[in-house]
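Data block below; observations after.
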Amino acid sequence: MKVRLAPEIAAILPSFALGVIHYTDVTVSPSPKMLQGRINLFVESLRLERELPRITEIEGVQHWRLAFKRLGIDPGRYRPSSEALLRRLLQGNAFFWINSAVDVNNFLSILHALPYGIYDEARIQGDVVCRLGQAGDVYQGLNGREVHMEGKLVLADEQGAFGSPIVDSQRTPVSEQSKQLMQVIFFHEQATASEREEIIGTTARMCTEINGGHVSSSYVVSG
């Protein structure tokens with residue numbers, strides 16, 4: 001399975017990149033108490049250090065809102081998933097527990113203020129391209145709503161769009177039956193090459209520490 005970036009994206013955001021990690025033989029389960037404790041501690045410190053009205057001062061939030069504007073996406077209407085998660089937590093909502101793979105993915109997203117996606121490779125058909133959504137790119141989102149992705153940044157396979165830095169689809173989610181995973185980190189243009197490599201490395205280590213398995217490959221996709 002290959003992941004590539006469409007030229008149309010590179011033309012608008014020439015320094016935009018994806019971090020891609022493929023995992024094999026993972027064991028997805030309810031999140032262990034150790035992970036829950038670490039996440040809850042981080043959320044407590046986040047609420048002490050940050051205020052909701054000043055959320056756009058967070059570097060990753062600020063840079064991704066600018067990227068959305070350059071892509072012609074209104075960041076007030078369609079928020080990057082990392083910002084949406086941070087907003088929920090700063091509003092006083094509890095962290096939403098799903099499973100060990102998704103929970104660590106969401107934790108890393110709020111930790112780095114970057115949109116993260118994690119997908120069951122068995123549900124992906126063929127190679128993957130990151131492109132702008134087309135008129136037919138409509139799917140049931142994990143938020144329970146039908147989302148129309150035309151003009152928005154999406155990940156698509158042979159069947160069409162399934163992922164996005166806004167909201168992922170119900171077609172490719174990770175469950176406790178998933179064994180092969182693909183994780184995608186959406187890096188804004190201000191992330192340096194060394195920062196990208198460091199984040200990919202720490203992400204891979206934490207995910208395998210929690211879910212077991214192996215990293216079969218990890219790489220950066222850029223224009």
Side-chain angles (χ1 to χ4, degrees), residues 3 5 9-10 12-21 35 38-93 95-96 98 101-119 130 132 141-143 152-155 163-168 182-207 218-223:
V3 181
L5 189 62
I9 304 298
I12 302 169
L13 302 174
S15 298
F16 167 70
L18 302 173
V20 182
I21 310 170
L35 177 62
R38 181 173 179 182
I39 292 175
N40 286 332
L41 186 62
F42 177 80
V43 171
E44 287 177 19
S45 64
L46 177 72
R47 289 172 178 156
L48 289 172
E49 296 169 7
R50 301 288 185 180
E51 297 176 347
L52 182 59
R54 303 177 70 176
I55 191 173
T56 54
E57 294 178 7
I58 299 173
E59 184 177 330
V61 172
Q62 184 181 91
H63 293 326
W64 259 109
R65 289 177 70 89
L66 289 172
F68 269 32
K69 288 177 182 178
R70 288 177 62 186
L71 289 164
I73 304 167
D74 180 358
R77 185 178 180 191
Y78 300 100
R79 292 195 174 101
S81 57
S82 45
E83 179 185 343
L85 284 168
L86 286 163
R87 282 183 177 275
R88 282 192 73 257
L89 296 171
L90 290 176
Q91 287 167 348
N93 294 297
F95 189 89
F96 195 60
I98 300 174
V102 175
D103 295 345
V104 73
N105 186 74
N106 288 343
F107 167 64
L108 290 162
S109 178
I110 58 175
L111 177 66
H112 297 297
L114 293 170
Y116 269 62
I118 194 159
Y119 312 97
C130 180
L132 288 176
L142 292 176
N143 57 8
K152 302 174 185 68
L153 200 61
V154 299
L155 298 174
S164 168
I166 300 170
V167 62
D168 291 324
M182 179 179 76
Q183 189 170 33
V184 176
I185 308 165
F186 296 87
F187 290 113
H188 53 69
E189 289 196 289
Q190 285 70 28
T192 65
S194 60
E195 287 171 337
R196 294 195 300 253
E197 291 297 338
E198 182 179 356
I199 289 172
I200 289 171
T202 56
T203 294
R205 283 192 294 274
M206 185 170 186
C207 286
S218 65
Y219 48 92
V220 172
V221 179
S222 57

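Please read these numbers as outputs of a predicted model, since none were measured by experiment.
- Checked against side chain to side chain contact (heavy atoms under 4.5 Å, CB included), L111 has the following partners two or more places apart in sequence or in another chain: F42, F107, L108.
- In this structure, CD1 in I185 is found 4.0 Å from OG1 in T203, a value given to the nearest 0.5 Å.
- Contact of the M182 side chain with the V3 side chain is registered, since non-hydrogen atoms from C-beta on lie closer than 4.5 Å.
- Taking each heavy atom of I39 and F95 in turn, the nearest pair found is CG2-CD1, 3.6 Å.
- Separating the CG atom in L5 from the CG atom in L155 is a distance of 10.0 Å, to the nearest 0.5 Å.
- Between the W64 side chain and the F186 main chain, a donor and an acceptor come within less than 3.5 Å of each other.
- The minimum heavy-atom distance linking L35 with D103 is given by the pair CD2-CB, 4.4 Å.
- Between R87 and L52, some side-chain heavy-atom pair lies under the 4.5 Å cut-off.
- From I166, atom CD1 reaches atom NZ of K152 across 6.0 Å, with rounding to the nearest 0.5 Å.
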Evaluate side-chain contact (heavy atoms from CB on, under 4.5 Å) for I118 paired with V104, printing each intermediate quantity in order.
CA-CA 10 Å; I118 194 159; V104 73; 5.9 Å; no
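- Distance check, rounded to the nearest 0.5 Å: CD1 of I21 to CD1 of I200 gives 6.0 Å.
- A donor-acceptor contact shorter than 3.5 Å links the side chain of S81 to the backbone of P165.
- Residues G163 and D168 share a closest heavy-atom pair of CA-OD1, 3.2 Å.
- Residue pairs meeting the salt bridge (charged side-chain N to carboxylate O under 4.0 Å, His left out) criterion with at least one partner in residues 60-78, sequence neighbours excluded, are R65-E83, R70-E189.
- Partners of F96 under the ring pair (Phe, Tyr, Trp, His ring centres under 6.0 Å) rule, at least two apart in sequence or in another chain, do not exist in this structure.
- Judged as a side chain to side chain contact (heavy atoms under 4.5 Å, CB included), and not counting sequence neighbours, the contacts of L85 are N106, S109, I110.
- In this structure, the side chain of T56 does not engage the main chain of Q62 through any donor-acceptor pair within 3.5 Å.
- Few gaps surround CZ on R196; more than 12 heavy atoms of other groups in view lie less than 6.0 Å from it.
- With rounding to the nearest 0.5 angstrom, the CG atom of N105 is 11.0 Å from the CE atom of M206.
- Considering only heavy atoms from C-beta on, V61 stays 4.5 Å or farther from S82 through its side chain.
- Between F68 and P75, the shortest heavy-atom contact is CB-CB, 4.2 Å.
- With rounding to the nearest 0.5 angstrom, the CD1 atom of I9 is 9.5 Å from the CG atom of L18.
- Taking each heavy atom of N93 and L89 in turn, the nearest pair found is O-CD2, 3.6 Å.
- Formation of a donor-acceptor pair under 3.5 Å by the R50 side chain with backbone atoms of I55 is not found in this model.
- Looking at every heavy atom in both residues, C130 comes nearest to F16 through SG-CE2, 4.0 Å.
- With sequence neighbours excluded, the residues forming a side chain to side chain contact (heavy atoms under 4.5 Å, CB included) with S194 are T192, listed by chain and number.
- Looking at residues two or more places apart in sequence or on another chain, you find a side chain to side chain contact (heavy atoms under 4.5 Å, CB included) between H63 and E59, H188, Q190.
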